[in-house]
J.: 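Right, I'll just put the structure down here and ask away after.
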Amino acid sequence: MSAVPRSEKSVGRFRRMLDRLSSSQEDLESEELREDAETAGCTKICDCHDRQVVTVTGTLRTVTLRPRAGVPALEAELFDGSAALDVVWLGRRSIVGIEPGRRLIASGRISMSRGRRVLFNPKYELRPLGRE
């Protein structure tokens, strides 16, 4: 049994439903990603600081191949609903499964580059494509 009166529960459910209907798709996805990061016990990207060792999770927004000092580098933008993080694999042209829209968990040391958070050569784990 709940200590909250039934009428307050109904208003809360109704309010959440109304909020979901009036929210944009990006807001809903961001909320889902933030909840996923919290459930997985990961650090929010917005809370990451320079030289901090972290584990973060999110969705890859972009994946690009760029040369860095003459060495190929696979760069991806990871978004967790709170902020974005650049993930860079030096010396890699491609990695199976690393593609836009894919969810992953990455661990490593944060570096700050011109105000952007960057994670170089992280340990990573691909998340399932469908709902878990």
J.: Is the closest side-chain heavy-atom distance between Pro100 and Thr62 below 4.5 Å?
T.: no

J.: Does any part of the side chain of Thr55, heavy atoms only, come nearer than 4.5 Å to the side chain of Ile105, both counted from C-beta?
T.: yes

J.: Is there side-chain contact between Leu74 and Val63, with at least one heavy-atom pair below 4.5 Å?
T.: yes

J.: Run the numbers on Leu78 and Arg61 for side-chain contact (heavy atoms from CB on, under 4.5 Å), then give the verdict.
T.: CA-CA 6 Å; Leu78 183 69; Arg61 283 183 161 174; over 6 Å; no

J.: Any idea which heavy atoms bring Ala76 and Leu60 closest together, and the distance?
T.: CB-CD2, 3.7 Å

J.: Is there a donor-acceptor contact under 3.5 Å from the side chain of Ser82 to the main chain of Lys44?
T.: no

J.: Can you tell me how far the OG atom of Ser94 sits from the CG atom of Leu65, to the nearest 0.5 Å?
T.: 8.5 Å

J.: Please lay out, stage by stage, how Cys48 and Val56 fare under the test side-chain contact (heavy atoms from CB on, under 4.5 Å).
T.: CA-CA 9 Å; Cys48 295; Val56 294; 3.9 Å; yes

J.: How far apart are the C-alpha atoms of Arg116 and Glu77, what are their side-chain angles, what is the distance that settles it, and do they pass the salt bridge (charged side-chain N to carboxylate O under 4.0 Å, His left out) test?
T.: CA-CA 11 Å; Arg116 295 270 306 178; Glu77 180 183 64; 3.3 Å; yes

J.: Do the ring centers of Trp89 and Phe120 come within less than 6.0 Å of each other?
T.: no

J.: Kindly indicate, with the supporting measurements, whether the criterion side-chain hydrogen bond (donor to acceptor under 3.5 Å, both in side chains) is fulfilled by Arg127 and Thr57.
T.: CA-CA 9 Å; Arg127 306 285 302 275; Thr57 187; 3.1 Å; yes

J.: Could you report the tightest heavy-atom contact between Ala83 and Arg117, atom names first, then the distance?
T.: CB-NH1, 4.3 Å

J.: With the side chain counted from C-beta on, respond yes when Leu104 and Ile98 share a heavy-atom pair under 4.5 Å apart, and no when they do not.
T.: yes

J.: Give a yes or no answer on whether the side chain of Asp80 reaches the backbone of Ile45 with a donor-acceptor pair at less than 3.5 Å.
T.: yes

J.: So among Leu119, Val118, Val54, which one has a side chain to side chain contact (heavy atoms under 4.5 Å, CB included) with Leu85?
T.: Leu119

J.: Is it true that Val87 and Met112 fall in one hydrophobic cluster, defined by side-chain heavy atoms closer than 4.5 Å?
T.: yes

J.: Sub-3.5 Å donor-acceptor pair from the side chain of Asn121 to the main-chain atoms of Leu90, do we have one?
T.: yes

J.: Could you state the interatomic distance from CZ (Arg103) to CD (Glu125), rounded to the nearest 0.5 Å?
T.: 13.5 Å

J.: Taking C-beta and beyond as the side chain, do Thr59 and Arg102 meet within less than 4.5 Å on heavy atoms?
T.: no

J.: Inspect the contact between Arg92 and Glu75 and indicate whether a charged nitrogen and a carboxylate oxygen are less than 4.0 angstrom apart.
T.: no

J.: Is a side-chain donor-acceptor pair under 3.5 Å present for Ser111 with Arg51?
T.: no

